[in-house]
Amino acid sequence: MARFDEDDAFEGAVSLSARAMARTGAGMRPEPYLDGLNPAQREAVETMDGPVLMLAGAGTGKTKALTCRIAHLMTTGRAQLNEVLAVTFTNKAAREMKDRIGALLGGSIEGMPWLGTFHSVCVKLLRRHAELVGLKTSFTILDTDDQIRLLKQLILAANMDEKRWPARMLAGLIDGWKNKALTPDRVTGGETAAFDHRGSELYAQYQERLRTLNAVDFGDLLLHMVTIFQKYPDVLERYQRWFKYILVDEYQDTNVAQYLWLRLLAQGHKNICCVGDDDQSIYGWRGAEVGNILRFERDFAGAKVIRLEQNYRSTEHILAAASKLISGNEGRLGKTLWTEAQGGEKLRLIGHWDGEEEARWIGEEVEALSRGTRGMAPYGLESQAILVRASHQMRAFEDRFLTIGMPYRVIGGPRFYERMEIRDAMAYFRLAISPEDDLAFERVINTPKRGLGDKAQQKIQIEARENGVSLVEGARLLLAQGGISGKGAGQLRAFVANVDRWNAVVRAASPAAARSPAEDDDELFEVLDDAVPPANDHSHLRLAEEILEDSGYVAMWQNDKTPEAPGRLENLKELIKALEQFENLQGFLEHVALIMDNESKDSEAKVTLMTLHGAKGLEFPVVFLPGWEDGLFPSQRSMDESGMKGLEEERRLGYVGITRAEEVCYVSFAGNRRVYGQWQSQMPSRFIDELPPEHVDVMTPPGLNGGGYGSGYGQSTLGSQIDARAASADVYNSPGWKRLQTRGVQSQTPSRPRAVTVENEFDVGDRVFHKKFGYGEVMGTEADKLVVEFDKAGTKKLIASFVVPADTADDVPF
DNA sequence: AATTTAGTCCTTTTT
DNA sequence: GGACTAAATT
């Protein structure tokens, strides 16, 4: 587990590199890792000085190149591990690099202190220089939830209608500005019109509020550091000299702020190596600028561009399909991926009647593959993944997997630290550490219920504001002057006393909590080197338990009779357990703020369910790509908001999806899908027509032309092939697919033709039957859709093919 | 003050 | 269908 006790990492780092040097001296071949590299990778490793841009296609071994490069810097004595800055986007990537570097250099190490995500590195830096932007070194990091609540308050205070101007929207705007490294005063031009012309004004207020709360949000971590580097050249210079080499992973995902940050740091020696793949840029919506790749050669004159093009991951068919798809994008830097692998399975394309059937089919296919009944060696559940465009697609699969008892894991779903009970508990911890944390106070003051409702809370707010103090102090004053009555008063008094007591324990345990920032730069790195982690006596564990007990929070869930209560108590226990690995509550909270991941490590084999975004950087022998339907994938919203750029990003997402597969890749779509509870007929994704027919096996069952495919886009090469192949049905006569065909005929064929042809057959007043809603009467018709007033289910708008005349209901085996 | 109910939006992707 | 909010009910 990554640690945020920044100081102790140095010991291991230094001794490791000493060991590596010693080995060199002992006459062993110093660079055994070079042998396993292809020429391009080797060049990327050995070109150590000056700017390098490594364009690494999917599955071309870029992490290998990157980690070998770091190892090479060590063994050639260019730098110490703690003088290398290496940034990634995800904690997972950072962890993997640490592990692999450790393995290369022959020892397991806690890690390089400056290898981490942009955010975690920035936290470390900002803790040292917080005072330069008006913060205390103990600042807290707000998550999106806190951010939204804060903004909501500001919007209300500005007398704006929070319905028309939702806090989420403002949060998005502010995030966008921060991604572009724009401080409130720099928001200009058309942007000032944002949010009823009050966007930048509210942004300024928000920043002010954060400062008084001694807090930062995610965007601030980078923004503040950029500000500091720009305003204090001496600070910047220190770091320019300290970081002798800079490496950047997933460079295509950097936003403007990150780009500026990197450019500032690399300005001196220009030993910067950026690794990226413009074809895998999928975070444009979050402010990532593919343009940063193009700018690289301009900003770093004489940059060496190295292309990694040999793919070690996928079969030739999968690679060919992915390459063909991505070739539809314009303005690529261009790479030609190739592989030595020959043969293998073609991409498999299959259409389904609706989303539920798609989930059912995939569930059965996963099971069949895992038992090896597809004429192939078995693929265990852990080697299969289902990658969806949007997380709501996961529900169909979860439902299905639960009913058939298939073990699965969801990655990127609701995360442990985002659960209500965990966030409540952490708010209590925050309050114990710093009672002036008003956001935490607000969260838990009436959880569990203490009879302190809106009225009482308002009084506290007013009291606090009038006296310019925190909410706890406000509450204290209010109590002293008897401004609060009856039951609530006693409870509030107890609450304040609890906070005082917890805080006293925290202070007694770690006087360092109030450590002062490094005053002068000379001390900066020595402080890091010399710090010795205090002994971990686990006293914070007891405190944490006490807090949850004393506050009545545990009791609240114990008395709760709802079915989820036991699970929540279980989660709280887990939370306490997680605390063990930290020396104090502060360290833990920081860890949580930045590392929101939640990998359960139980050993049972499970299918993986996650979004395409979440899958970047991963690979699986078998990959399922469901929901390839226009509007869903490519996402309508993406196209509406960003037009051609959006479509191209979606296409890259498809490319990422296909290239996750090593051996087998399924693409599927459904003819009908429920969207916002309404049935919609779906068109197969335009990307399906862009796949190369010679690398695709079409497996679509017959009788499925009602969804409208084949009438598709452009030349529709595959679209027409679908019909042809389906009609001749020869796919089904190949040995592997017999079972599928049988099942298909039994469960689908009878209802299909009828359902498809009844379109527009109804008139107002007809009695109809629907498999879910029962009987009803047609109230209106509109193209292929009907408005039906059901006897039991109310009025619904739905596709005509989903109902049948009421008198034939008995014939339809739904 | 707290719980229940009805009505309104919606849904991309996340460090 | 579900999450969230505002109104209605206890």
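In what follows, chains are A, B, ... by sequence order, proteins preceding strands, each numbered from 1.
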Is there ring stacking between A:Tyr676 and B:dC10, where the centres must be under 5.5 angstrom apart and the planes under 30 degrees?
-> yes
Has the side chain of A:His613 got a donor or acceptor that lies under 3.5 Å from a partner of the other kind on the base of B:dT14?
-> no
Flag, side chain of A:Thr227 to backbone of A:Leu223, donor-acceptor distance under 3.5 Å = yes
Side-chain heavy atoms of A:Leu125 within contact of A:Trp114, under 4.5 Å = yes
With centres under 5.5 Å and planes under 30° as the test, does A:Phe89 stack with B:dT15?
-> no
What nucleotide among B:dT15, B:dA2, B:dT13 has an atom nearest to a side-chain atom of A:Lys449?
-> B:dA2
Interatomic distance where NZ belongs to A:Lys455 and P belongs to B:dA2 [whole Å] | 13 Å
A:Arg360 side chain vs A:Arg400 backbone, donor-acceptor pair below 3.5 Å | no
Please list, for nucleotides 3-8 of chain C, all pairs of protein and nucleotide N/O atoms separated by less than 3.5 Å.
unit_1 : atom_1 : unit_2   : atom_2 : d
C:dT5  : OP1    : A:Lys152 : NZ     : 3.3

Within the structure shown, what part of the strands sits under 4.0 Å from A:Asp640 by heavy-atom distance: base, sugar-phosphate, or nothing?
-> nothing
Does B:dT14 have OP1 or OP2 sitting under 4.0 Å from an N or O in the side chain of A:Thr90?
-> no
Whether A:Trp177 and A:Tyr203 hold their rings parallel, tilted or perpendicular, with breakpoints at 30° and 60° | parallel
More than 12 heavy atoms of other groups within 6.0 Å of A:Arg168 CZ = no
When rounded to whole Å, the CE to P distance for the pair A:Met394 and B:dT11 reads 17 Å
Distance, rounded to the nearest Å, where A:Gln252 contributes CD and B:dT13 contributes C1' = 15 Å
Full working for side chain to side chain donor-acceptor pair (under 3.5 Å) between A:Gln680 and A:Glu629 | CA-CA 11 Å; A:Gln680 269 194 352; A:Glu629 297 138 36; over 6 Å; no
Nearest whole angstrom, please: distance from the C1' of B:dT14 to the CG of A:Asp175.
-> 10 Å
Is A:Gln258 touching bases, backbone alone, or none of the nucleic acid, heavy atoms closer than 4.0 Å?
-> nothing
Considering heavy-atom distances to DNA chain B, does A:Thr88 or A:Glu641 have its closest nucleotide positioned more toward the 5' end?
-> A:Glu641
Quickly work out the A:Gln636 CD to B:dT13 C1' distance and round it to whole Å.
-> 16 Å
Nearest whole angstrom, please: distance from the P of B:dA2 to the CG of A:Leu452.
-> 8 Å
Rounded to the Å, how far apart are A:Arg673 CZ and B:dT11 C1'?
-> 14 Å
Using the six-membered ring for Trp and the full ring for Phe, Tyr or His, decide whether A:Phe118 stacks on the six-membered base ring of B:dT15 (centres under 5.5 Å, planes under 30°).
-> no
If you look at every strand shown and take non-hydrogen atoms under 4.0 Å, does A:Ser638 touch a base, only sugar-phosphate, or nothing?
-> base
A:Glu650 CD - B:dT13 C1' separation (whole Å) = 9 Å
Between A:Thr611 and A:Gly451, the residue closer to the 5' end of DNA chain B by nearest nucleotide is A:Gly451
Has the side chain of A:Gln457 got a donor or acceptor atom that lies under 3.5 Å from a matching backbone atom of A:Leu452?
-> yes
If you check every side-chain atom of A:Ser391, which of B:dT13, B:dA2, B:dT14 has the closest atom?
-> B:dT13
Cationic N near anionic O, under 4.0 Å, A:Arg423 to A:Asp143 | yes
Kindly say if A:Asn255 contacts the phosphate of B:dT15, meaning a side-chain N or O under 4.0 Å from OP1 or OP2.
-> no
Please work out if A:Thr144 contacts a base, only the sugar-phosphate, or nothing of the nucleic acid, heavy-atom cut-off 4.0 Å.
-> nothing
Using the six-membered ring wherever Trp is involved, compare the ring planes of A:Trp285 and A:Tyr283 and label them parallel, tilted or perpendicular (cut-offs 30° and 60°).
-> tilted
Which nucleotide in the set B:dT15, B:dT14, B:dA2 lies at the smallest distance from any side-chain heavy atom of A:Thr117?
-> B:dT15
Using the P atoms only, state how far B:dT13 lies from C:dC4, rounded to an integer number of Å.
-> 14 Å
